[in-house]
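Both counts, for ligands and for their atoms, begin at 1 and track the order of listing.
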Amino acid sequence: MDYVERVLAALKAKNPGEPEFHQAATEILSGLRPVIARHPEYEKAALLERFVEPERAVLFRVPWVDDGGTVHVNKGYRVQFNSAIGPYKGGLRFHPSVNLSIIKFLGLEQILKNSLTGLPIGGGKGGSDFDPKGKSDSEIMRFCQSFMTELYRHIGQDTDVPAGDIGVGGREIGYLFGQYKRIADEHVGVLTGRGLSYGGSLARTEATGYGLVYMVEEALKCRGDSLNGKTLLVSGSGNVAIYAAEKAQALGAKVVAMYDSNGYIYDKKGIDIAVIKQIKEVERGRIKEYAARVKGAEYHEGCKGIWAIPCDIALPCATQNEIDEESAKMLVKNGVKLVGEGANMPTTLEGIAVFQRAGVVFLPAKAANAGGVATSALEMAQSSGRLFWTFEEVDAKLKNIMVNIYHNMDAAAKEYGVEGDYVAGANIAGFLKVAGAMMAQGIV
Ligand code: NDP
Ligand code: 2IT
């Protein structure tokens with residue numbers, strides 16, 4: 001067994017029953033072999049063992065009362081994974097599937113993603129198994145207040161700065177921020193994704209989706225191609241999916257299908273994003289509604305069928321493991337040329353192997369969706385400097401960051417002998433900076 005295999009075996013033995021965490025660690029560490037070969041000092045310093053062990057994990061009770069007076073108890077999590085290059089930074093996910101394995105996989109990914117942005121942010125993630133679906137605004141508010149009543153003591157603008165993720169958008173960040181400010185008595189950039197009137201940044205809402213498409217555009221440009229006229233599948237219909245679809249269409253592509261967790265819509269003319277925004281952002285409704293409102297559009301129950309629709313480019317933007325081996329094979333068979341991951345770990349390890357064997361350009365999540373957290377770091381910079389940049393300024397910085405990440409992972413893959421393997425390239429480029437900082441700071 002080599003060093004990587006030993007660390008992975010120990011990780012699985014010490015963290016049983018955490019399949020998503022094992023999956024993310026396997027993907028990351030496997031790609032780091034060429035780095036380990038060049039840096040034998042890392043093993044002596046137990047660098048990988050320290051890298052996969054969170055600096056701190058906080059688990060807490062979140063009690064709240066629904067509108068009918070019934071008391072509920074949810075689990076709360078904040079995993080502060082790595083602060084080598086900056087304060088912990090990463091979103092909060094509210095979804096019934098949330099457990100420690102999912103938060104740890106997201107936190108581990110976040111360390112390298114945040115490093116790739118080139119900005120000074122460490123990695124963390126948190127959330128709850130609370131299900132926001134069907135809850136009233138006052139129930140959401142009471143839940144957020146209870147969650148923050150414990151979380152506030154663990155975070156701070158220079159310590160740990162949470163943001164949104166699945167189930168946590170502008171509304172939730174507003175309630176969380178209100179409660180933080182009330183308890184801590186300070187109006188600081190302790191959360192990102194805030195409303196524009198209380199410290200938020202222009203373009204943060206759009207940033208993850210737009211950033212993903214900026215990277216796709218750059219990858220195509222480097223191959224003498226563009227988005228113009230391409231047919232796209234975009235899974236999900238939340239924050240990331242909506243703004244990825246919006247930007248792709250603005251650049252001349254046609255998004256023909258999207259989904260939510262119940263089923264997918266197919267609109268061969270190209271999806272009308274304004275209708276999706278109305279249903280999802282304003283009404284908080286189901287995507288099924290789209291087919292009832294737009295002539296010629298179809299709705300199909302279940303999500304998997306989306307990957308059987310022929311496309312040039314697939315952008316999975318919903319959740320982990322939405323593309324398995326079978327779906328990847330289907331996409332390849334139908335001629336997909338590029339896959340850009342908007343969600344975190346949306347492709348299984350077997351699915352990634354299918355794309356790579358078929359020569360599909362595969363842009364991995366930690367690089368392709370880094371625009372959201374990068375813009376969060378720009379929000380932090382504006383908060384600290386008491387500044388407010390225009391939409392155009394933030395958007396230009398975002399685009400520049402995404403283009404740089406693309407070239408950095410491309411260059412790292414070439415330098416370490418795995419040209420075109422952006423999974424390894426992103427892991428290597430992200431890891432080198434964190435590893436250098438950890439080595440410089442001693443055994444901590
Ligand atoms: P949202 O809550 O805004 O949207 C999530 C979307 O994914 C919804 O359409 C939801 O459908 C769908 N979805 C969630 N779980 C499942 C499931 N198990 N099966 C099918 N569909 C599902 O979240 P975001 O758009 O913010 O996040 C989407 C992904 O992007 C996540 O992986 C997140 O970690 C990642 N990400 C988000 C960033 C951000 O800035 N927000 C930054 C980088 C990555 P339904 O409404 O039916 O649940
Ligand atoms: O997965 C992610 O990068 C996010 N959910 C965004 C994190 C952030 O701090 O903006």
Closest candidate by heavy atom, reference [atom], pool [options]:
| atom | options | value |
| --- | --- | --- |
| atom 1 (P) of ligand 1 | G238, G209, P346, G127 | G238 |
| atom 34 (O) of ligand 1 | D165, T192, N369, I242 | D165 |
| atom 27 (O) of ligand 1 | I166, N262, N344, I306 | I166 |

Worksheet item: Does any N or O atom in N369 lie less than 3.5 angstrom from one in ligand 2, N or O only?
Response: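 Not met; the criterion fails.
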Worksheet entry | Under 3.5 Å: N/O of P162 near N/O of ligand 2 | no
Shortest protein heavy-atom distance from [atom], along with the residue and atom involved:
| atom | answer |
| --- | --- |
| atom 7 (C) of ligand 2 | G91 N, 3.5 Å |
| atom 9 (O) of ligand 2 | K89 NZ, 2.7 Å |
| atom 4 (C) of ligand 2 | K125 NZ, 3.7 Å |
| atom 10 (O) of ligand 2 | S376 OG, 2.6 Å |

Assess, by modelled atom type and distance only, whether the side chains of [X] and [Y] contain a donor and an acceptor separated by less than 3.5 Å.
| X | Y | answer |
| --- | --- | --- |
| K366 | S115 | no |
| N344 | E109 | no |
| Y214 | D395 | yes |
| Q179 | R182 | yes |
| N74 | S128 | no |
| E322 | T319 | no |
| N114 | T117 | no |
| H72 | D66 | yes |
| E186 | Y180 | yes |

Fill in: Note: D312-K230 ion pair, threshold 4.0 Å (strictly below)
no
Worksheet entry | Taking every non-hydrogen atom, the tightest pair across A367 and A426 |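 Closest approach of A367 to A426, heavy atoms only: CB-CB, 4.2 Å.
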So, is [X] polar-close to ligand 1, with some N/O to N/O distance under 3.5 Å?
| X | result |
| --- | --- |
| K125 | no |
| D260 | no |
| G167 | yes |

Discussion item. Once you measure the plane-to-plane angle for H187 and F177, does it fall in the parallel (<30°), tilted (30-60°) or perpendicular (>60°) bin?
Written reply: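 Answer is perpendicular, since the angle exceeds 60°.
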Practice prompt. Mind telling me whether F147 and F94 have parallel, tilted or perpendicular rings, with 30° and 60° as the class edges?
Written response: perpendicular
Please state which part of [X] comes within less than 4.0 Å of ligand 1, counting heavy atoms only: side chain, backbone, both or neither.
| X | result |
| --- | --- |
| S97 | neither |
| M258 | neither |
| R286 | side chain |
| T208 | side chain |

Any [X] heavy atom less than 4.0 Å to ligand 1:
| X | answer |
| --- | --- |
| E322 | no |
| G169 | no |
| M345 | no |

Worksheet item: Which ligand 1 atoms does C317 reach within 4.0 Å, using its non-hydrogen atoms?
Response: 28 (C), 29 (C)
Discussion item. Quick check on contacts: which atoms of ligand 1 are under 4.0 angstrom from a heavy atom of A343?
Written reply: 29 (C), 30 (O), 32 (O), 35 (C)
Practice prompt. Look only at the side chain of E325 and the backbone of V354, and say whether a donor-acceptor pair between them is shorter than 3.5 Å.
Written response: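 Pair absent, no side-chain N/O of E325 close to backbone of V354.
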Can a non-hydrogen atom of [X] be found less than 4.0 Å from any atom of ligand 2?
| X | value |
| --- | --- |
| Q110 | yes |
| R204 | yes |
| A370 | no |

Item to complete: Run the numbers for me: atoms of ligand 2, each under 4.0 Å from some heavy atom of K113, listed by number.
Response: 1 (O), 2 (C), 3 (O)
